[in-house]
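First up is the structure itself, then whatever we jot down about it.
Just so we're on the same page: letters track the sequence lines, and every chain starts at 1. Owing to the predicted nature of the structure, the values given are computational and were not obtained by experimental measurement.
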Number of protein chains: 2
Amino acid sequence: MNIGDVATRAGLPAKTIRYYEDIGLIRPLRDQNGYRAFREADVHKLVFLGRARALGFSIDECRALLALWEDRDRASADVRRIATDHLAQIEAKIADLQDMRDTLGTLVRKCAGDDRPDCPILKSLAAPDQ
Amino acid sequence: MNIGDVATRAGLPAKTIRYYEDIGLIRPLRDQNGYRAFREADVHKLVFLGRARALGFSIDECRALLALWEDRDRASADVRRIATDHLAQIEAKIADLQDMRDTLGTLVRKCAGDDRPDCPILKSLAAPDQ
DNA sequence: GATAAGGGTTCCAGTCACTGGAAGGTCAAG
DNA sequence: CTTGACCTTCCAGTGACTGGAACCCTTATC
């Protein structure tokens with residue numbers, strides 16, 4: 001299978017698939033003409049990667065998850081640890097963003113948003129504590 | 001004032017302050033010896049920038065906010081628009097992360113996390129719909 | 001006067017995960 | 001034979017820094 005078909009099937013840009021080969025996540029074969037020749041297993045890996053990336057796992061975490069996926073003797077505890085760590089990061093990020101949203105939301109509600117210069121948003125940025 | 005003192009007062013790394021000069025956000029003077037010479041106005045700008053960055057505004061948004069801050073004839077509507085747009089992005093990001101958290105949280109709760117290979121997390125990554 | 005510590009300076013490279021684009025090879029259809 | 005859609009590699013750019021090398025300036029101490 002050529003890269004275009006794989007891209008469609010895996011829902012990833014061809015560029016991204018080439019990049020994943022570059023960094024050693026996949027190892028497609030090559031046809032005589034130099035084209036990448038993907039097997040079903042490669043497509044499955046790419047779907048896996050796309051899904052893991054969509055859940056926000058870093059490339060390194062994806063690499064680890066892929067290795068575990070291919071390891072019949074894995075302990076699910078190892079997978080769970082990666083997922084739990086990542087979940088904690090997501091939750092921290094959500095908390096950060098919620099703080100931003102709350103602060104910014106309050107400021108936006110206080111701002112008249114008219115043609116006058118007076119602006120609580122700028123005031124707060126200049127002197128957050130007052 | 002030298003960069004070290006400014007860094008302390010503004011709560012930004014000296015490297016970041018140099019970078020902000022590089023990209024034209026600030027224009028400190030120079031001493032005879034080549035050292036940057038910061039005025040109070042520079043420090044205020046840097047505090048402003050640090051605060052705006054902490055609220056997640058991009059550098060370009062910071063640049064626009066800074067320009068509005070310095071413009072006595074600004075309309076608060078312009079500030080409000082930037083903030084509202086950014087708020088929408090934050091909310092979208094929060095929604096994305098919450099989806100990730102929900103999906104991942106469910107999977108983590110289903111995973112035994114023991115020394116056996118069976119793992120709902122990997123299963124879901126391989127075939128999300130089943 | 002030499003030296004060391006603790007500032008400061010510039011410039012280059014690396015981060016992360018792609019993405020865009022140039023320049024060129026391959027293949028099937030008309 | 002040409003057109004167009006594929007494919008290839010390689011290089012550069014993204015955002016917002018961050019690390020490090022190599023070097024200069026100032027002050028204090030021996």
Just how far, in rounded Å, is P of D:dC25 from CZ of B:R36? 15 Å

Quick one: list whatever passes side chain to side chain contact (heavy atoms under 4.5 Å, CB included) with B:A41, sequence neighbours left out. none

Side-chain donor/acceptor pairs under 3.5 Å, residues 100-107 of chain A, sequence neighbours excluded:
unit_1: A:T103; atom_1: OG1; unit_2: A:D99; atom_2: O; d: 3.0
unit_1: A:T106; atom_1: OG1; unit_2: A:D102; atom_2: O; d: 2.8

Any residue meeting side chain to side chain contact (heavy atoms under 4.5 Å, CB included) with A:D5, in chain and number order, not counting sequence neighbours: A:M1, A:N2

Using whole Å, report how far CZ of A:F57 lies from P of C:dC16. 17 Å

Check whether any side-chain heavy atom of A:F48 lies under 4.5 Å from a side-chain heavy atom of A:L66, and answer yes or no. yes

Please give me every residue in residues 17-33 of chain B whose heavy atoms get under 4.0 Å of an atom in DNA chain C, ordered by residue number. B:R18, B:R30

By side chain to side chain contact (heavy atoms under 4.5 Å, CB included), B:K93 pairs with (sequence neighbours left out) A:L97, B:L97

By the side-chain hydrogen bond (donor to acceptor under 3.5 Å, both in side chains) test, which pairs, at least two apart or in different chains, include something from residues 73-85 of chain A? A:S76-B:D114, A:D78-A:R81

Can you confirm whether B:L55 sits close enough to B:I90 that some side-chain heavy atom of one is under 4.5 Å from a side-chain heavy atom of the other? no

All N/O contacts under 3.5 Å from nucleotides 3-7 of chain C to the protein, with atom names and distances to one decimal?
unit_1: C:dG7; atom_1: N2; unit_2: B:Y35; atom_2: OH; d: 2.9

Crowded around B:R116 CZ? As in, over 12 foreign heavy atoms under 6.0 Å? no

Could you pull out all residues at least two apart from B:R30 that satisfy side chain to side chain donor-acceptor pair (under 3.5 Å)? B:E21

By nearest atom, which of the nucleotides D:dA16, C:dG21, C:dA17 is closest to the A:K15 side chain? C:dG21

In whole angstrom, what separates A:L46's CG from C:dC18's P? 12 Å

With a 4.0 Å cutoff (strictly under), does any side-chain N or O of A:T16 reach OP1 or OP2 of C:dT19? yes

Within residues 81-93 of chain A, which residues have any heavy atom lying less than 4.0 Å from an atom of DNA chain C? none

Protein-nucleotide distance (A:I59, atom CD1; C:dT19, atom P), rounded to Å: 11 Å

Presence of salt bridge, B:D42 and B:R27, under 4.0 angstrom: no

Looking at B:K45 and B:E40, is there a salt bridge between them, counting it only when a charged N and a carboxylate O are closer than 4.0 Å? no

Five pairs at each end of the helix from C:dG1-D:dC30 to C:dG30-D:dC1: take the axis at both ends and give me the angle between them to 10°. 40°

I'd like to check the side chain to side chain contact (heavy atoms under 4.5 Å, CB included) partners of A:A95; sequence neighbours left out, ordered by chain and number. none

List in chain and number order the residues that pass side chain to side chain donor-acceptor pair (under 3.5 Å) with B:R18, two or more places apart in sequence or in another chain; answer none if no residue qualifies. none

